[in-house]
There are 2 protein chains.
Amino acid sequence: MINRQYLLAKRPKGLPEKTTWKYVETSVAELQEGEMLIENHYVSLDPAMRAWMNETRSYIEPIGLGKVMRAGTVGQVIRTKGNTKFEQGTFVTGWGGVQDFTISSGNDFYQIDPGKVGLPTFVGTLGMPGMTAYFGILEVGKIKKGDVVLVSGAAGAVGSIVGQIAKIKGCKVVGIAGGKHKCAYLVNELGFDGAIDYKNESVRKAIKRECPTGIDVYFDNVGGEILDAALMFLRMHARVVVCGAISQYNETVAKGPNNYLSLLVNRASMKGMVVLDYAKNYQQAIHQMSEWMANGKLKSKEDVYEGMDQFYETFLRLFSGEKLGKLVLKIKQ
Amino acid sequence: MINRQYLLAKRPKGLPEKTTWKYVETSVAELQEGEMLIENHYVSLDPAMRAWMNETRSYIEPIGLGKVMRAGTVGQVIRTKGNTKFEQGTFVTGWGGVQDFTISSGNDFYQIDPGKVGLPTFVGTLGMPGMTAYFGILEVGKIKKGDVVLVSGAAGAVGSIVGQIAKIKGCKVVGIAGGKHKCAYLVNELGFDGAIDYKNESVRKAIKRECPTGIDVYFDNVGGEILDAALMFLRMHARVVVCGAISQYNETVAKGPNNYLSLLVNRASMKGMVVLDYAKNYQQAIHQMSEWMANGKLKSKEDVYEGMDQFYETFLRLFSGEKLGKLVLKIKQ
């Protein structure tokens, strides 16, 4: 049994290169008592992976050099030894890493029910991105009916769910995305009230057009110039949810928001969030999100590429924006 | 009766010049029914004045060109006509402006009792700066016993009170100020646990030394590089109070905090405040602060310069830092 793996070979400066990882083929070790062998079907590709590759600690430990590249996965338990957390055949999601097989006690894995939705959804809308969107917009953004909500990275895994939840809750929702295709998707498929194409128009002018009375909640996935533009249009007591900053992850020094004094003028707040803090409420959120999906109120979109050898090219799509919805790599042959 | 006045002559770019204002001498108009003539004794000099001079709206309307320079004042009602809010002889504080005499219905003025503390204290610790400190550190900073509190502009009107209130509430308090004299003042006179001299040491290294376990609350009066340094040391769920940014007020574009993603990593928040929002609770705060002052728990320091003709030079001390405590100009001859 050959285990194809991507190991972190060096810490990237700027955009990772192909040689940032080392591709190896190893043989799968013998299971110890209580261990399971999980065959990974899908690997999740998330912006946060870039931060984990740096030497400095972010909200979790950096990936060690020479270690398997950390990634969320969906897979199946195909072998067990002794008394294990899950039975053989169980589908699970967890931090399987960019590799075919993961040996685990199962402590960091959750059982999933692949009956109703496709496997990739469990690393998307019903996985970390979905949980991030759910708790970010509800607990940190504290949206209420009638709020004007602006979200960046709006066609992505987190942003698309943020916007849809805000619509369900009776907000006016405007999304920022790159390109006409994505913008049309937001309005026509996801029911957003407006869309801003940051690649083809002035974001500042477009926010003024789409949110003429200002913004109550800005959910930020991108940072940089877009964050600065959003800050200009905060209403009194507005909330800025700092979820990510994909435009800055490959920079040595992040661009600071020059317009941050808008927080003062508007008595607004900017708050960071990490989804892991809400783990004890994941099940409740998954239940709610599943119900919305079943009722057709929430659409889940995964952009699935295929082949372990496509890992690097697929990873780069996080930064080029050449994807729609949740970026996933199918690795099971 | 000659009224010496400073009028806003032009909108400054960068640090105001002497010609930013026009000095005029006018005669005092006749009082109308219900009006009072207030003789201003002291003019308050505050960093916020710089923001009011810009064309763009901050949290209140810009000062109109050709209008008397807006400023807080302490004065005395010396003449009344008809049925007025205050009697002749009453001492009042309010927005009298940089001028000897103000005619007012008294609606924006508050009666003060000059018996127990000096008049300048009513534009300092018992005025806007004191109120800003009180509500900023308690309501926005939400300090609790044992918190590590870092405050910038710590020898100033707001910062010195912030730090003392935090000490009263059982916090560990470290102040950032410019120069050895101010730093010694913080520790020896005000009882701060530590001081950082931003003019003579690396703020980053000094925060690490003074706050080795990190910061729970950072109260920011200065912005710029110091804000960035503070962000590096936030503890989990830290609160950053954005009260001001004196280092940036003369810049066309404020420096954004490059380290703002520390908010994400540490689930921290950054919140703006404007003291005017707490007006309905001023009396309660003044009562508490007066009690602390009477008990010797809170020290109030005003740096008083004298002479209407010294307005410009004194104003510049806000930005050069050549002052200790609350900057006030005595104008009564």
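The model shown is predicted, which means the values in this text are computed figures rather than measured ones. Within every chain, numbering begins at 1; the chains are lettered A, B, ... in the order of the sequence lines, protein sequences first and strands thereafter.
The contact between B:Val253 and chain A is made entirely by side chain atoms (from C-beta outward), counting heavy-atom distances below 4.5 Å. For chain A, no part of B:Leu231 is nearby; none of its heavy atoms comes within less than 4.5 Å. Contact of A:Leu234 with chain B is not made at all, since no heavy-atom distance falls under 4.5 Å. When heavy atoms are compared at a cutoff of 4.5 Å, A:Ala254 approaches chain B by way of both its backbone and its side chain.
Heavy atoms from other residues, nucleotides or ligands lying under 6.0 Å from NZ of A:Lys199 number more than 12. The 12-atom threshold is not exceeded at CZ of B:Arg204, counting heavy atoms of other residues, nucleotides or ligands nearer than 6.0 Å. Other residues, nucleotides and ligands place no more than 12 heavy atoms under 6.0 Å from the NZ atom of A:Lys208.
Closest of all the heavy-atom pairs between B:Tyr260 and A:Gly256 is CD2-CA, 4.5 Å.
Considering only heavy atoms from C-beta on, A:Asn266 stays 4.5 Å or farther from B:Tyr59 through its side chain. When side chains are defined from C-beta on, A:Met270 counts as touching B:Leu263, because their heavy atoms get closer than 4.5 Å.
For the set B:Pro257, B:Ser269, B:Cys243, B:Gly223, the entry with the most heavy-atom pairs within less than 4.5 Å of chain A is B:Pro257. Comparing A:Asp277, A:Asn258, A:Val242 by how many heavy-atom pairs each has under 4.5 Å with chain B, the most go to A:Asn258. Of all the listed residues (B:Arg267, B:Met273, B:Arg239), the one sharing the greatest number of non-hydrogen pairs under 4.5 Å with chain A is B:Arg267.
A:Lys255 NZ to B:Leu261 CG: the interatomic distance, rounded to the nearest 0.5 Å, is 12.0 Å. Atoms CG and CG, from A:Asp220 and B:Leu264 in turn, are 10.0 Å apart once rounded to the nearest 0.5 Å.
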